[in-house]
Amino acid sequence: MLIKKSPEVPYSEITKKTDYLSRRSFLTAAGIAGAGLAASKVLPEMLSPELAFASTKLNFKKSDLSTHGEDITPEKDTTTYNNFYEFGTDKDDPSKNAGKFRTSPWSVSIEGLCDKPQKLDVDSVVKLSSNGLEERVYRMRCVEGWSMIIPWIGIPLSAVIKAAQPKPKAKYVAFETIWDPKQMPGQQRQVLDWPYVEGLRMDEAMNQLTILAVGMYGESLPNQDGAPIRLVVPWKYGFKGIKSIVKIKFVEKEPPTTWNRMAPEEYGFYSNVNPNVDHPRWSQATERRIGEFRRRKTLMFNGYADFVASMYNGMDLKKYY
Ligand code: MTE
């Protein structure tokens with residue numbers, strides 16, 4: 001983002017990751033795959049800590065809100081081509097460095113201007129949704145100019161908000177990533193203003209497309225993708241999708257966001273995908289779908305205008321970028 005000068009993603013960067021050992025190929029190599037045992041029962045005893053990212057199968061329903069007719073991005077790309085600066089600034093740093101990150105026990109504090117503040121483990125957060133886990137296949141667009149199609153598994157953020165009963169004064173929701181420099185080497189350096197923070201306006205947070213994801217590709221999230229729980233907002237640039245969340249806070253005023261603090265002219269609070277508003281250093285009119293060579297036209301609100309455009313009626317989206 002700030003550090004890489006070119007927004008272009010050299011395709012070679014994705015394909016040259018020979019050091020990557022996929023979770024599935026590890027399981028196969030270890031003779032675990034196909035053993036018919038629940039991964040959650042097998043893995044803690046059998047795997048060394050650095051392989052703790054080997055994941056648990058999740059039960060979920062498929063959601064009607066999934067995008068249809070687009071090829072899902074291969075899992076090996078989604079799990080090795082990451083932005084997670086707590087584990088390094090190169091795209092393959094998170095998959096290399098996040099393996100030992102402890103994601104259990106974990107607690108999320110839901111606090112601020114609400115009648116029912118609560119501190120919950122991840123399972124209890126998931127239980128706040130009466131529908132259980134849903135798979136949402138979403139189109140994702142990074143501000144750097146690349147996109148992916150990812151089958152997330154999660155719950156609507158609205159379920160969490162309703163359970164907390166925000167007060168009328170609560171106009172925004174602020175999110176915070178864990179602060180743990182011992183486990184997150186990137187936090188030992190002042191690359192960003194730690195901890196990573198993000199925010200949404202209350203109507204954006206309540207929108208049916210906004211989810212808290214705990215999994216992808218049928219399994220719990222790999223650490224490099226934001227385990228154990230992260231935000232997914234498909235009509236906004238990827239950096240709004242804050243990872244490894246420990247705090248959700250209801251606030252009255254627009255909360256600070258990490259990338260806006262770092263470079264306010266480049267990254268606004270809203271960060272809606274918008275082909276008509278260029279990043280100061282590059283155009284946002286087109287994008288490269290990971291796995292393709294030809295560039296595609298970027299769609300307004302990343303193709304989700306029917307669901308979200310009305311929230312921005314009357315707003316100058318060049319000013320509120
Ligand atoms: N969350 C935290 N805590 N730290 C980060 O560096 N990077 C953001 C976002 N969430 C980031 C983060 C950026 S810039 C992007 S594009 C997405 O995560 C990338 O998500 P992915 O690696 O799962 O594709």
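It should be emphasised that the depicted structure is a prediction, and the values quoted were computed from it without experimental measurement. Read the numbers this way: they start at 1 and go in the same order the structure lists the ligands and their atoms.
Side-chain N/O atoms of Lys91 and Asn82 include no donor and acceptor closer than 3.5 Å. At a cut-off of 3.5 Å, with distance as the only test, a side-chain donor of Arg289 or Ser147 sits close to an acceptor on the other residue. Side chain to side chain, Tyr196 and Trp259 meet the donor-acceptor criterion of an N or O pair below 3.5 Å. Donor-acceptor pairing under 3.5 Å is lacking for the side chains of Tyr217 and Thr79.
Contacts of Glu86 with ligand 1, taken as heavy-atom pairs under 4.0 Å, involve the side chain alone. Proximity of Arg230 to ligand 1, defined as any heavy-atom pair under 4.0 Å, is confined to the side chain (atoms from C-beta onward). Proximity of Phe239 to ligand 1, defined as any heavy-atom pair under 4.0 Å, is shared by backbone and side chain alike.
The N/O atoms of Asp225, backbone and side chain alike, include one that comes under 3.5 Å of an N/O atom in ligand 1. In terms of polar-atom proximity, defined here as any N/O pair under 3.5 Å, Gln224 makes no such contact with ligand 1.
A ring-centre distance under 6.0 Å is found for Phe101 and Phe87.
For the ligand labelled ligand 1, residue Gly241 lies inside the 4.0 Å heavy-atom shell.
In the candidate list Trp259, Tyr81, Tyr196, Phe87, Tyr196 is nearest to atom 5 (C) of ligand 1, counting heavy atoms.
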Let me check something: any side-chain donor-acceptor pairs from residues 149-162 under 3.5 Å, sequence neighbours excluded? List them with distances.
none

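Those atoms of ligand 1 with a heavy atom of Thr177 less than 4.0 angstrom away are 3 (N). Of all the atoms in ligand 1, the ones that sit under 4.0 Å from a non-hydrogen atom of Asn82 are 21 (P), 22 (O), 23 (O). Interface atoms of ligand 1 facing Phe84, defined by a heavy-atom separation under 4.0 Å, are 2 (C), 3 (N), 4 (N), 5 (C), 6 (O). Listed by number with element, the atoms of ligand 1 under 4.0 Å from a non-hydrogen atom of Cys142 are 16 (S).
Relative orientation of the Tyr312 and Phe301 rings is parallel, given thresholds of 30° and 60° on the angle between their planes.
Lys240 forms a cation-pi arrangement with Phe269, by the criterion of a distance under 6.0 Å to the ring centre and an angle within 45° of the ring axis.
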